Each structure stands twice: as C-alpha cells, then as structure tokens.
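The structure under discussion appears below in the form of structure tokens.
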Amino acid sequence: MQYISNTDEDRRQMLAAIGVPSFDGLLEKIPASLRKFELGLPAGLSEIDLVRELADTGRANRHFIDYACYLGGGVYDHFVPYVVGHLAMRGEFVTSYTPYQGEASQGTLQSIYEYQSLICELTAMDFSNASMYDGASALAEAALLAIRASGRRKILVPSTVHPEYRLVMKTYLSCLDAEIVEIPSRDGTTDAAALKQALGPDVAAVIGQQPNFFGLLEEMPELAAAAHQAGSLFIACVNPVSLGLLQPPGEYGADIAVGEGQPLGNPVSYGGPHFGFFTVKEPLLRKLPGRIAGLTVDKTGRRAFVLTLQAREQHIRREKATSNICTNHSLCALKAAIYLSLLGKEGLRKLALLNLENAHAAYDRLLRIPGVKPFSKKPFFNEFALLIDRDPELLKESLRRNLILGPLALSDFYPEVRNGYLVAVTENRTPDDLERLAKAIEAV
Amino acid sequence: MQYISNTDEDRRQMLAAIGVPSFDGLLEKIPASLRKFELGLPAGLSEIDLVRELADTGRANRHFIDYACYLGGGVYDHFVPYVVGHLAMRGEFVTSYTPYQGEASQGTLQSIYEYQSLICELTAMDFSNASMYDGASALAEAALLAIRASGRRKILVPSTVHPEYRLVMKTYLSCLDAEIVEIPSRDGTTDAAALKQALGPDVAAVIGQQPNFFGLLEEMPELAAAAHQAGSLFIACVNPVSLGLLQPPGEYGADIAVGEGQPLGNPVSYGGPHFGFFTVKEPLLRKLPGRIAGLTVDKTGRRAFVLTLQAREQHIRREKATSNICTNHSLCALKAAIYLSLLGKEGLRKLALLNLENAHAAYDRLLRIPGVKPFSKKPFFNEFALLIDRDPELLKESLRRNLILGPLALSDFYPEVRNGYLVAVTENRTPDDLERLAKAIEAV
Amino acid sequence: MSGAELIFEKHSQNRASWLPELKSSEESLMKKLPASVLRRHAAELPSLSELDVVRHFTNLSHKNFSVDANFYPLGSCTMKYNPKVLDAIASTSAFSQIHPYAEEADAQGALKVLYEMQGFLSEITGMAEFTLQPAAGAHGELCGLLIAGAYHRSKGRKKTRVLVPDSSHGTNPATAALCGYEVVQVRTDEKGHVDLADLRSKLDSSVAAFMMTNPNTLGLFEEDILEIARAVHAVEGLVYYDGANMNALLGVCRPGDMGFDIVHINLHKTFAVPHGSGGPGSGPVGVRKELVPFLPSPRIVRDEEGYRFLKNSPQSIGKLRSFYGNFGAVIRSYAYIKALGREGLRAVSENAILNANYLKARLKDAFDVPFGGFCMHEFVVSAVRQKKRGVKALDIAKRLLDFGVHAPTVYFPLTVEEAMMIEPTETESRQTLDRFVEILLAIDRESVEDPAKVLAAPHTTPVARIDEVLAARQLNLRYRKPQAPPKPVEAKDPAYSR
Amino acid sequence: MSGAELIFEKHSQNRASWLPELKSSEESLMKKLPASVLRRHAAELPSLSELDVVRHFTNLSHKNFSVDANFYPLGSCTMKYNPKVLDAIASTSAFSQIHPYAEEADAQGALKVLYEMQGFLSEITGMAEFTLQPAAGAHGELCGLLIAGAYHRSKGRKKTRVLVPDSSHGTNPATAALCGYEVVQVRTDEKGHVDLADLRSKLDSSVAAFMMTNPNTLGLFEEDILEIARAVHAVEGLVYYDGANMNALLGVCRPGDMGFDIVHINLHKTFAVPHGSGGPGSGPVGVRKELVPFLPSPRIVRDEEGYRFLKNSPQSIGKLRSFYGNFGAVIRSYAYIKALGREGLRAVSENAILNANYLKARLKDAFDVPFGGFCMHEFVVSAVRQKKRGVKALDIAKRLLDFGVHAPTVYFPLTVEEAMMIEPTETESRQTLDRFVEILLAIDRESVEDPAKVLAAPHTTPVARIDEVLAARQLNLRYRKPQAPPKPVEAKDPAYSR
Ligand SMILES: Cc1ncc(COP(=O)(O)O)c(C=O)c1O
Ligand SMILES: Cc1ncc(COP(=O)(O)O)c(C=O)c1O
C-alpha cells in the first residue's frame, strides 16, 4: 500500500526539470557509508490484508463491548455519544495544523476559545490553556509552575494522590533543585494534621486530588486554607465529571487546577491519547504553559480568534519559555468541548448523579457478599475501594469467566494494602453486569 | 430520547405569540373522534440503552466479519475502502435534499455529473441518469421504456436472468397490455435459437444478463444482433465489476444498459439500500426515467451544474412523466462515484482479475471434492454453480460450523435443479476460508 | 485549488490500495475467458491518488447546503435533524455486513427488526399490516395502486380512473398513469381544502382510488376527511393516503382511523432517514385488513421458531424490487422509533405543528397568507406582494442563501401564485426560527429599499444564478475525453483573482 | 446563521440524550455526599440541542484549511495525507475500548502492537531500543535529555550545558532549559550547515549533549555528521537527534548509523498520525545500547508467555506520563508501517525529496534561495526581493489562502530573512505542485503589478487579517456571561449584508 501521487512519468519529468539523471543524484551529500543498509521490515500490505490482520490482532484484546469494565484509576468507561466522534473526526479538524495562520484556522481557534471557556465554567477558575498531554503531566507542569512562581522548592503531595501522577511529577522535577514531600493518609484521605506540620516557608505548593486515588472525597477547602496560610499555592487535581456535583476548585481557593480530561468524551484507548486540562487564577495567567486562544477582531472589525500570549511559548522565547510544550492534545480537547456542549448545564449534573447512583448501588450490593469489606467508610463519588477476602488468582479467573474487567488490585500501587480493590462505576454499568460482578466474587 | 430544540419556556411564549392558550388549540380542526387513541408503543430509550439493545439484536445476525461469505446472487461481499464511507457520510452529502436549488447544491450536482460520466465510461453507453432504486427495478423501468419507445408489447427474457428481476418486471408490467416471454436456456445460457424463434414484430425488447444468474457468460453480441434484426431494442443487465474485463454493453449494441450498483462501494446491508444504474444510447435520451445533472454556466460565466431535462419528470409533467420516480438512491450513487474514482482505470481491471482468479481457484478446489460436479462447463466470471451431492440440511450445518455463509441453493429459484449451489467469490475471499469451505463440504 | 476541476481533470498515480496483488499471471488468468467476451478498450476512469480523491470530494461537500450546517425549511421535505447515532447503528457489521440470501436462522436479528418495524408502523398509522419493500415514496405509491388494482380485480370490478387533488404531489398522478389509470384532478376550495362538491361530481364506479394527503399540500388538515372517505367508499373506491409528510400526525391522529385503506410513508422524511442529497429512502405501505393478502411478497412473520419469510401468498402483487426493501434505511427508522417511544413521537408532531404555526403567525404581516387558520407541520405563504415590487419568490429564495438559510420550496403547490412552502420541523429551536423571521423581514425590506441586491442574489454561494436554459439547450450530461483547455489559476473569489 | 455565534450564545433545549433516567430520587442520592463538598452554583455550560451542537461544529469546521481540502506545504510540519483507514482501525472497539489497567493477558493485542512498534522504529532509525511513552516531540526531547542526564550521572560526569544550532526548533532550547542546562547556540555556516569550527570551539567536558536535526532546519543534509558525532563523543557528550522531521530518511539512511545516541521521532509527522489541529501526537524515543537501562518505565517485552510489562528497571528515569503513551496514535503508525512495508517507506522519502527539489528548482528564479544545492524533504526560500517591492513573506502567505493553498511556514528559521519554508510531502502530485508554482509566480507578478491586492489579502477567508496586537493587549481568553449585545442579522459576506 502506498500513497504516493506521482506517476513514474511524473518522476522522470521532474528529475529532468531538476536536472539530475536519477533519483540517487539528489542524495549526493549523504556519505555513501550511511546509505548501505537494507530495512529489515516486512513487505507492505493491501488495505484488505491490513484490516484483516489488525482485526486478528485486536481479537487478543478484551474490550468493553464484550466485557463490563469496572476498572478506573484515572480513566473511565464513560459513554461517548456518537456525535462527538462524528464531529471531531471531520477532516477539517483532524488534518489541520496548530492554528498559527489565524485566517485559515478560525474553526480550530474558536473551538479552542470555547473549550477554554467551558473548562473555566466547569472548574470555576479564571483561565484555561488549550490543553496538556494528560492529567499526570499537567499536574507535573503545575508543580513546575508553582516552583517557578513562588521561588520555593518543596511540593507537598498526599499519598492519596494517584501514584502514577506522583511518579510523573518526580520525573519532571528530577533536574530541578526541588523536593517532593509525601503526606500520609488517615483512613484513606489526607492527614490534614500531618500536612500542616509539613508546611513551611520553603513550600511552593500543596497538592490535593478530588476524588483521590481511592475514590474518596478529600476536605479540599481545609487543605487549600492550610496551604495559603503558609504562603504556599494550592494545586487541585480534579475529576471533571465529579464537578457536576462537587465543589469546583475555583471555589475552594485553588490557585491552579488541573485534571485528566479523558472522561469528557474521549475513549479510554488503552490509556491514550487523552488530555490534561490546566487552569489558573488570574495572577498566574502569564505563567501558564502551552497555547491560549483569544478573541479579537479582524481589520474590518469582525470577531476573530487568534493564538495569543505567545511570548510565553518556546517558539518565541526558546529557553525562556514557561514550558517546552508545543503540540498539545487539541483534538482530544475538541472532543471535550463537543461533549460538554452536548451535556449542557443540566446534563452535567445528571451525569454526575448517575455515576453516584450506580457506584453506590454497586457498593451496597458488593458489601452484601460475605468477606467483602469497605476499605474506608468515607464518602465517595463514582469509585470506591473494597477489601475482598478471596484468593486473587481465583478471583481474576472468575471475573474473566463472567465477562468482567477489573476491579483494580490496589496492591499494584500500595503493596501494603492486601486484598484491596478499586471499583469504578460509571453511567455505562447496568444492574445486569453488577449482578455478574457480584456473582463472580461470590463464586470464588 | 428526544431531539426537540424548544424549551418549555419557548413553547409557552410561542403559543402566546400565536394566540392560543394551549397546544390543543392548534388541533381544533381535527375531529375529536380521531384524537382519542393511545399509541401502543413502548417508552423511549436513552442513547446508551438504544445502542446496547441494538447491539444485542445484532448478535442474532451472522455477518461477514465472523463468517466468510460465499453468497452472491446479485449482491456481493466486495471490500469497501474506508475512504468511501468516510467521504460519502459527510453531513453535507447526507443531510441535504435533492439538488433543486442549484446554487446551494453544487457539491451534489457535480458529483452526480461525475457519477453519470463514470457510469458512461464503464458501460460505454452514451448517457446515464442519476440512479434508480436497484438493479431489478432499473431493469423493469428499462422494459417500460422499451415498450413506450417501440410501441410494441412483448419483452423476451431468458430464464437465465435473475429470477427476482424477472418477478419485479412482471409486477411493474402487470398493469400494461404487455407480455413477458421466457426464453429457455441450454446448458446454463440463453438458447439463442429459441430466442430467434420467439422474435417478431411485436417484440419491444430482448433482455440479456451478463454474467447471468448462474454466473455464466452469455453471447451478448449474438443476442443483441438477433434483437436488432427483428427491430427490437436490446437491454443489457450487467455486473459493473465484470466490466473491468468483459465487453461493455455499449460495444455490443445495447440500447439500454442497466445493472445493480451495489458492488461499487456499497455494503450488502441485507439487500438494501443499493442503487440501479440506468444508461441509454443517444436516441433514447429524452425517455430516460429519473434525474439527470448537466453542466452549464452561472451568470458570471463560471462552470456550474444543474438538474436538467426536467420536463421528463413527475414534478413537472405529472401524469405525462417518463417514470414516477422522484427520490432515487443518490447517496449510494455517490459512494459508487467515490469508489470508481479510487479504483481508477488500472484498479478496475485489477479488481476484475482478482475476482476471476479467486473464483477459478475456488472452482478448481471444490471440484476436487468427490461428488461435486460443475453445473455447466461454460466460462464464468466471479460466480459459478456446482452440483453438490450431499444432504442439504447436513451441508448447511457443516457450513455454519465452519463459519461459512452460503453457497446459495439453486432450488430456491429453480426447483428443477437438485443439489445445485451458486458460489460467489470476490477479492475478499482468502485461501484460508476457501479451505474452510472445502472442508465443510468434505465433512458431510 | 478550490476543487472546481472535474475528477477527470485531475491526474495522479492511481493506487486502488486496498487490492492485494494477483497470485497468478494475467496471461494465465485471461485464458479463463474466451476472447469474444472481452473488453477491448479499458474504461477511461480517472487515475487519482487517494489524497486527490479525498480532497476532491471534501471540496465538493463544501459546496452543499445541508441540515448539519444550515436551517433548511424546505416545505414538503421534512428536513429535520436525524440523530447521528442511527447512522452508526446502521453501519455496524451486524447490520451492514449481512446477506439477504442468508438462511433465516442466520439473520434473526435483521428479521426481528423488519418484523417489529411492520408492527410499529401499523400502530402509528392505524393500519392492519405493513410491507417495508418499497424503496421510496413513489415506489410505495406504485405498490399501493397495484394493491388497489389487484383488490378491485379480485372483486370483479372494472376501475379506470384515479382522482387526485389539484395540489397533489407529482408522483401521485405519475404513479396513477404508470398503473394505467386515467388521472382526474379534484379542485381545492377557497379554504384550501378538497372541494367536496367537485369530488362528489367526479366520483363514480370507475374510480379505483382517491389519492390524497392529510394534512394536505397546503399544510392544512382536511376537516371533512371522514365524509370524504365515506363518499369514496360509497362508489367502491379506495382512499389512498400519501403519507410522505406524516410529521404532524404522530400520536395525534391516524390515517387508519380516518378511513384510509392504503397508506404509504416516507421513512426519509418523518422517520429520520437522512435525505442523502436525493435518497436512498424507504416507502413502506400499510393496508387495512381486507387488503393484506395483496401485499408484496415476501412478508415477514413470526412463529414459535422465530422470524421468517412468508412467500406463498397467492393474491400478492408480487415483488417490487429485489430482496426485502432498504434494510439500511428501515433500521434507522426502527431505532428512531425505539429511541423516541410513544411520548417522543407525539412530541415530534406537537413541536412540528407549534413551530410551523409560530412562523406563520410571525410572517403573516409581511407576506400574503393565502389560507388562514392554524396549519399543521407546514404552511404556504405567497410573495405576490413582493412580486409587485419586482422581487419574486425565486429571488427571495436565492437571497436567503446569502444568510446561510436554505430556501423554502417555491412555486409548489402549483395552485398558489408565488408560493413559498415553509416547513421548519420540530428539531429547530425558537432562536433559529426568530432569526429566520428577522432575515425574511430584512429581505422584505430590501425588496423595497434595494431590490437589485435581491435580484442579483445569491452573492455568497460557490456559483451565482445558474443558466438553466443553456443547460437544457446545449446538453452536457457527461464528461468526454478531450475537453476544455486547462483553466487559469483562480482565487476562490474570482473578483480577487488575477 | 453562519455559525459565527459562540456556543454560549446559542440557546435551545439541552437533552444529553444518551443519559438514562435516574432510578432513585435526587434527594436520596444527595444524602450520599456531605454538604461541605457540594457544588453551590451549577456550572454555566451552554444549553443546546443535539442539532444545534452539530450545526455549530460543522460550521466551525468549514472555517479551517486542512490537508483534506487544501494543499498545505507548511514547512517542518509534514502535512501529508494520512490514510483514513488508520483512523478506522484505531477506533475499533478492540483498540479504543480497552483499559490500560487490564491484566496483561487481557490486552495481548495491544501489547503486541506496542512491542512490535518498538522494533519497527529501532529498525528504521538504527537504534537499539525505543520507548513509546512520550506524548509529543517536545515530550520526547524531555525524555531524551533526562536519559542523557541519568546516563552522565551514572558515569559520575558533571554536565551543565546543551548545544543547539541557531536554526533549531524552539523546543530544543526550551527542553534543555527545563532540564536545568545552560543553552549554547552553534552558528550556521554560509552553506547552511552546522559551523564545525564554532561547534568545536564550544565543545568541552561540560557539554551534556548536542541536539540537532539532520536534515537540518533548512532542509539540508549535514554532510559532516560523522565528524560532528565524533567531536561530541570526544568530550563525552551525547549527540541527540531531533527526528521530528524524518520524512526524508526512511530507508535512505539512519540516525543510528550517523552516530546519534538518542533519537526522538514525531509519529504525527512522518508516521501518519494526523495533526488534529494541534495534537495528539506521539514522540517515541530511541537510544543506543548503552542507554537502554535508562528508558522510561514500564518497557514492553516479550517472553514465552506473551507480551508483558517490565517495570523494575532501577536506572530508569521513571514515568513521563500515566500509562504507556498515546496508544491511539501509536497504532495508526504501526498500521501505517505495516501497510507501506520496506519499499513503501523508502518510496515515501524518495518522493518527499523529489517533490521538494522539484519545487525548489521551479521557484529558484522568482524567489531568493539562500542556500543552493539539493535539499531533502523541504527547503527555505526568502522573499527579500518581494519585500523590496513592499510585499513581505507574511503577505505572500496570506495571499496564498485566496488560492485555496495553506501558507508555508514563514519567518522560521529565524536565521533567514523573510523565510518561507516549504514542505510539499510525498503524497502531493506533480499536478498540485505545478499549480502551486503557478500561483506563487502569479503572486510574485502581483507584487509588481498590484501589491495592494497582496497586502490586503486574504480576501476570501472567513475573517480578514487579524488584529493580534489587540488580542494581546485586551486579553479576552474566555466567554463570560453577560456579553456583547446580540449581533444583527448578517449575510455570510458582510459586503452583501444590509
Ligand atoms: C407528498 C409527497 N408525496 C410523494 C413524494 C414522493 O416520495 P419519494 O420522493 O420518496 O418518491 C413526496 C416527496 O418527494 C412528497 O412530498
Ligand atoms: C524540528 C522539530 N522539533 C521538535 C518539534 C516539537 O514536536 P511537538 O510539537 O510534537 O512537541 C517540532 C514540531 O513541532 C519540530 O518541527
């Protein structure tokens, strides 16, 4: 399969126009020693064969159409209305570049402006950028921003924050003279007392995640207040769907709010691509990483959109940029904008309520199983942890047999938690599959 | 699920603007007796539930991804390149009306003009309309045209023409003073001698199908010559994919050429929607049924496209129209235009060769099975008939077990043919699934 | 590079990249076929790379108005929003990759859809049974009149005439003629209804059927429908319901209850099959009990073992097309009915009626309204007043395009001078309707203040007004090889090209 | 009705029609949450029907240039045709509806894709091993420099500086700074290559890495690459290959053979991941053998039981993001490489190089070519000559839009005055290139005959030139509730509105 448009005759004529006898003439500058190799790759495939072969490969994956997914831990099997993909996958969005040429990119630019506005409404924050790679890297960039903005070097992170997010932050901060201090938890949420003790004049920021990795609700206002009291910034990492019911970070004093955008209209796709959203309060605007679209006018006075505040960015400021990010996750953010537009004010709340309802129905049902206990009795949104006193391998097998994916073994992340499982329950789960899940556990 | 855009508040205000106290006021003209009923339908479903329920319904269908399809008989499991649907399903094509307002429909109009041109190239005929419902109704309309154009009343149809097409023609002609005369076959193709005998001054047209229902190749030039000799028209019904190798109807003197367009980029979809193509030689142009797009200019002299020759059509001529057809199968024809554009001159021939190759490989392989005999030894393109000396019910079961759909039992159409099966083999068939088919027969 | 070239005027390397290579040599393959049947000259299809095909048709798509991009109040066409999820459902492998000749046992899902859909439509229309075989409205009419003919013949009646209202859709007389009937038109009275007296004067035992719609073509409900039906039945005629435009009746009232004997429905209007620039649609036909034996073959029935075909109906009119209808269209409507449910269907009609009446009320001062009173899902206004200022309905239609609104149906029905037939549908919002009113009022003002601007419209479409006369005079209906010289480079708007 | 409104300025009945009804009452549900965590004011999302959302974003899409509709010779961006079938493959349930925390046994298909893809990229670049974790080019650079840092630390070296050419992409210095290095620029010599003398003068043991591209930003092959690598290695520095633009090298030559130690690739350029108006992409990183232990965690390996994660690499730099990279992007590239195969990949680069040299040859008379000789997949011309006539590179860029062609990259690299960086890619046809040349020559003539027309361009885009200064001065970065008064009705082209 090739996608070359020139014919052989074209090629001959073009070489003649260039004035070289053969193609190799164009490569004269490449040392001969570099050109002596054979690509050790298979021959190409026709579209028929390609589609067939990848369908075969795909059969070795267990997917959400055949299996009910109770896995979460940062990305969730939410329903994506068909319209989202239908619109976002239009060629005009998919095959255009970053909108540097404003006049040729008003569609993208307006949709970014609308995305920024929607995210600001959702989070009650002042400003949003056009997107980051994912929730974890957004949180890491937030920590970088806090360190840069405050001139301080410590970041306090509760152990209840998603373990992978903490690892990513560690990687991002590894070249800096920075320190990440882990704050312990009590009964599944941040130990506020320990946090307060750890605070001090060298703390750039405190991080809080809502809901936290265990699905439990943190006392975000308390954490924020403690941070502010110490002159530190407060960074909130939030699940966007939960904001249909939960207090938005802008209201409890977050200076920076970030999160994983996948739940907003993006398929799980084995973990990517999704996007991270990144918002700040006004004072931090000029330190925002990444792209921002603004509203202005054209020379005839018509409303027009354009990338702005570019003096923060690498292509203008090079080594003085606020971040090295260039390509972001625009198409994923577009999906989120379409999804939020479809969801609307009323739908957002309903979606959150459906998640709450299903998750609590599952919680209640599973706790009726002998040997199943709650990990914590604190309130949760759409995900919760259980202790399941069963042989892990037998449990896995039983779940698979019952066409269930998950729940997630906590010991993968917190080795000290034995027999702990994280159960995620979205609007996509049904009473039928919950019953299957329960039966699968009971059968072990 | 509802798709109403008005809010309750909108509705209240609109009723007030109209000046009625309640919606029922707008229905005052409808006799009360007619308004007293309850729709006995279930309550609506959300998109989540709808998608899930229809996926469940779909599980009761055996489809070509899981089963290798050797069924043909007029519609074929050809590969449809993904680009075809991607382009044809763009909202601008899918959600626009028949292009009556030319200035607002240049996209559709140009694509129809291109479709017409492509079909003319393929068939070597002079003119094509914008499409008919399907091959069978196109053939019926061709017979109507011939009767109208010639003032004669008989249509000669070989028994080798698709039985359903003959039934449809019978229905269409049932109100006319017309007669359909069946011409017998010899060894699977039209008995030319019998045809010549049946010809006479009352014969409006002779029909020939290439390849015929048994997949066999007819001597079309001979049939056409015989028809013309008797002053009758010759109507060819052809498989468009075969025209990559076979002589086009325009070259053997067909006055009208029609066919089923499904093989050109349309999914099989349980038999519809597809489209019929309909072409004529110049003298019959003004008798063409249905829509035609023409090239002209706009008032500034730019190239423009428009529906033309509308004086043939029902919306202008009412009871004097050449056909009652109105909505045709435009989107299916668009798929064909895209498909043919992708296929190109070289691809068309290659596609036909691949079909020929696969079909003959299957023929050779299956004939090696004891008890399997050819129905005829005449040449064929991508479909052929076999006599398989096996218990039909056991054979069916074995095929299903081996994930094979088909072949088609001929006795459904020709009760006199015992143990006959029609095997269709497209470019989509592989050596693997052929082996499965052979094993399934051998196992009985 | 604006995509104005024909596909035949583009050249690049053709790839047909989905096709695998041949396993044998061409020569050995060609031996399978006798020389006499072979093509001598290759078909002159264009040669294009996949990119060039994608770019070509993407650019063509940009030259269309569509419901997805524009308000499209085209009367008699019901250009409503058709939920996109229906397209997705129809194109899943389980529904699009199945063969009509599969064993019944291998297609129980498809048969279930067809069977249940027959029942849904019977319930919605109040008819006894439905066939889903017809491919479109006109095809449904053919089916219906063939049933009528077969029925009358079975009773030994000789019927030669079909009556239609003077405002009827062209397919009604065309179909009647196709079936060999003499077509007789019935007048519309001053209130916009079937003129009962005229109808009575034309009714006699030769009348096979009276084909009508209700609401009628003017968007008005025929109040006398029960009497009309009685009168036609009195001469042993059948009352045929052209239900192409049924958007006002869902859960509101039923043709079966009105006395109709035969009904066709356009799924591509009322039941969310998108119009696709001219099809495919689907035109199911329903009949009352006595006519059931005449339905096309096969019918789809259910028994203990599941869903299956019923092929032996001796009185059936036969087959109207191959296989069982436009399954890919039917399944969209099936899913649509399931999604909306009974309340949702009623809401469709309520809002279609409300939107139409709202527009009619808001436009009645600026435009002539030939027939007052409440309308159903659509209505007709007349531009006679504007015509006196030199601006015809056609000019208004073209001018609307400059505002991003598709034109209403103009000059139909033929019985109303300067007719503009407006059907907003239920899926449009009040905000859109208000904007449409503003635009029409603005154009009305332009007809006073700047008629030249209206007459020269459209100004913003890919082409200006099209020379239809030239199109019909110098027929150019297909590309032929050596053609016009290559076009000069041109900016999108020629005013700015070199 | 041209879609110019913001989504917040539209109002209709919101439906969120995919959501089923709640089974319990809201009150009972709200009891599950303490009041202290609750939202007090609903988020002010817009309220819109599905139709209005569809129409809004369809109209927005019409305001973009794109590869699907336009020639898009944007230098350094490789805006080639990305086969649509890859989108289809990536969105099948088997690949898009799978969870990253599924058991390895439940995701063998996905792991196979990742594993084989690592191998493909190693083979294509001549590196020992690849990670697919980075989400984009800049993310890959971060990954690469972290690996370099970890490696140097493991050797006990203290490295403080990173060298980059003066023409380098902004992400190179930005990433180096992010990693705490001092950034030092190396000059370009008069032939457009890395100035070897300048490089040597800046090399010492403090140099962690020299980041470069080859072909360089000017589209020229760095002939001295082997010597450059030796010189850097001589001070125990690493040579970092920014492979964002690798479209000229497939099957032609390999960074690994040139002496590069670390490589990142932009799958969203060379390997057919569509750019998506700004991502998502994927920026895999490959390293030579000695650096493998430092790759991010987890790596994907294969053993007798199948494909699995390798999590315990003590020297690993850790995780760069959650999970394993942009799987949905990687699978597109994987399928692309499978589809093209070895010959197809080589054909990509041959035609990319041919197309660029053809354009360069045809444009060299009308435009200044700062660096002669053959180029690789792209080249830079300068509009200094046109600028003397008052027409700058920016004006030419804007004027091109009127002809339906996207502008080249302008004013980059910063080292060339009035730079226009042109990358035609391999998927464009000679016909398209010829037309592009004609258009550029026409604009060049306009710069003499009618410069005002060029300066006022674009004339045919949805907006005219944009006031960027105002945008930066009066920041308006989001919608806020009570806003501008409703806009008057306006035809699409304001010249024709009332
Ligand atoms: C009232 C009426 N009857 C019949 C038809 C014919 O339907 P079709 O175009 O599907 O054949 C139409 C629509 O075109 C119509 O509006
Ligand atoms: C040469 C070069 N390096 C690095 C990058 C950065 O890649 P990304 O935008 O994916 O972060 C780009 C493209 O933007 C580039 O062209």
Side-chain angles (χ1 to χ4, degrees), chain A residues 1-2 5 10 14 18 29 34 39 41 43-44 57-58 60-65 71 81 87 90-92 94-96 98 102-104 106-108 117 121 133 136 164 167 171 175 267 269-273 294-296 298 304 308 314-315 318-319 321 324 326-327 329-331 344-345 347, chain D residues 14 16 18 43-45 47 53 57 60-61 63-68 93-94 96-97 99-100 106 108-109 135-136 138 170 173-175 177 179-180 183 221 253 274 276-281 318-319 322-323 326-328 339 341-342 344 358 361 429-430 461 463-464 466 470-471 476 478-479:
Chain A
M1 200 139 82
Q2 291 188 14
S5 289
D10 287 332
M14 290 163 79
I18 297 167
K29 299 281 176 64
L34 295 180
L39 263 193
L41 291 177
T57 302
N61 291 332
R62 296 199 163 88
H63 59 70
F64 310 161
I65 306 297
L71 287 166
L87 291 171
R90 284 179 62 83
E92 297 92 332
V94 172
T95 72
S96 59
T98 300
E103 297 84 357
Q106 286 298 296
T108 295
S117 304
E121 292 297 342
Y133 305 136
E164 289 208 11
L167 287 173
T171 309
C175 314
S269 275
Y270 207 52
L295 190 158
T296 178
D298 76 357
T308 191
Q314 46 73 28
H315 65 284
R318 300 177 68 84
E319 66 267 29
N324 73 334
C326 177
T327 295
H329 279 203
S330 197
L331 201 63
K345 186 175 173 175
Chain D
N14 161 254
W18 68 96
E44 286 298 331
L45 303 186
S47 269
V53 174
F57 287 99
L60 286 189
S61 79
K63 298 182 181 186
N64 271 3
F65 275 51
S66 64
V67 174
D68 276 10
S93 304
S96 70
Q97 307 262 58
H99 200 285
D106 293 339
Q108 284 293 298
T175 308
C179 294
V183 179
F221 193 87
C253 57
S277 339
K319 280 191 80 63
S322 44
F323 316 121
N326 284 342
F327 178 77
R342 64 184 114 69
Y358 177 71
S429 72
R430 187 194 170 190
T461 45
V463 298
I466 299 172
L470 181 76
N476 178 341
R478 59 173 291 199
Y479 172 83

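All values below were derived from every heavy atom in this structure, side-chain atoms included, with hydrogens, water molecules and symmetry-related copies excluded. Quick caveat, the model's predicted, so the values are computed rather than measured. Residue numbers start from 1 in every chain, and the chains themselves are labelled A, B, ... in the order their sequence lines are given, proteins ahead of strands.
- Of the atoms belonging to D:Ala361, it is side-chain heavy atoms, and not backbone ones, that fall under 4.5 Å from chain A.
- With respect to chain A, the highest number of heavy-atom pairs below 4.5 Å among D:Ala138, D:Gly328, D:Ser93, D:Gly109 belongs to D:Gly109.
- Annotation for D:Ser277 and A:Ser330: closest pair O-OG, 3.1 Å, computed over non-hydrogen atoms.
- Remark: D:Ser322 OG to A:Tyr133 OH distance equals 13.5 Å, nearest 0.5 Å.
- Between chain D and the residues A:Pro81, A:Pro267, A:Gly102, the most heavy-atom pairs under 4.5 angstrom are made by A:Pro81.
- Applying the side chain to side chain donor-acceptor pair (under 3.5 Å) test to A:Glu103 and every residue at least two apart in sequence or in another chain returns D:Lys398.
- Interface remark: of the candidates A:Ala321, A:Gly91, A:Ser96, A:Ala60, A:Ser96 forms the most heavy-atom pairs closer than 4.5 Å to chain D.
- Ring planes of A:Tyr270 and D:Phe327: perpendicular class, angle over 60° (limits at 30 and 60°).
- Considering only heavy-atom pairs separated by less than 4.5 Å from chain A, the leading option among D:Ala177, D:Ala174, D:Gly344 is D:Ala174.
- Put simply, of D:His99, D:Arg342, D:Gln97, D:Gln108, the one with the most heavy-atom pairs under 4.5 Å next to chain A is D:His99.
- No donor-acceptor pair closer than 3.5 Å links the side chain of D:Ser66 to the backbone N or O of A:Thr95.
- Interface check for chain A: of the options D:Gly276, D:Gly341, D:Ala135, the most heavy-atom pairs under 4.5 Å are formed by D:Gly276.
- Top candidate by heavy-atom pairs under 4.5 Å with chain D, chosen from A:Pro273, A:Ala304, A:Gly347, is A:Pro273.
- Here the side chain of D:Asn64 pairs a donor or acceptor atom with the backbone of A:Glu92 at under 3.5 angstrom.
- With values rounded to the nearest 0.5 angstrom, A:Asn61 atom CG is found 10.5 Å from D:Ser96 atom OG.
- For the set D:Ala43, D:Ala16, D:Ser61, D:Gly318, the entry with the most heavy-atom pairs within less than 4.5 Å of chain A is D:Ser61.
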*Test side chain to side chain contact (heavy atoms under 4.5 Å, CB included) on A:Arg318 and D:Val183 and set out the steps.*
CA-CA 10 Å; A:Arg318 300 177 68 84; D:Val183 179; over 6 Å; no
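- A pairwise comparison of heavy atoms in A:Glu164 and D:Phe323 identifies OE1-N, 2.8 Å as the closest pair.
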_Applying side chain to side chain contact (heavy atoms under 4.5 Å, CB included) to D:Asn14 and A:Lys345, what does each step give before you reach the verdict?_
CA-CA 8 Å; D:Asn14 161 254; A:Lys345 186 175 173 175; over 6 Å; no
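- Only the side chain of A:Arg90 has a heavy atom closer than 4.5 Å to any heavy atom of chain D.
- Heavy-atom pairs under 4.5 Å with chain D were tallied for A:Gly271, A:Gly294, A:Cys326, A:Gly58; the largest tally goes to A:Gly271.
- When all heavy atoms of A:Thr327 and D:Gly279 are compared, the pair lying nearest together is CG2-CA, 3.5 Å.
- Proximity of A:Leu34 to D:Phe221: side-chain heavy atoms (C-beta onward) are separated by under 4.5 Å at one or more points.
- Residues A:Glu121 and D:Arg478 are in side-chain contact: their nearest non-hydrogen atoms beyond the backbone lie under 4.5 Å apart.
- The shortest distance between side-chain heavy atoms of D:Pro280 and A:Leu331 falls below 4.5 Å.
- By the side chain to side chain contact (heavy atoms under 4.5 Å, CB included) test, A:Thr308 pairs with D:Ala471, D:Ala472, D:Leu475, D:Leu477, sequence neighbours left out.
- Contacts with chain D were tallied for A:Asp10, A:Ile18, A:Leu167; A:Ile18 has the most, counting heavy-atom pairs under 4.5 Å.
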*asked:* Pair D:Ile466, A:Gln106 - check side chain to side chain contact (heavy atoms under 4.5 Å, CB included), show working.
replied: CA-CA 10 Å; D:Ile466 299 172; A:Gln106 286 298 296; 3.3 Å; yes
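- Ranked by heavy-atom pairs under 4.5 Å with chain D, the list A:Thr57, A:Thr108, A:Asn324, A:Val94 is led by A:Asn324.
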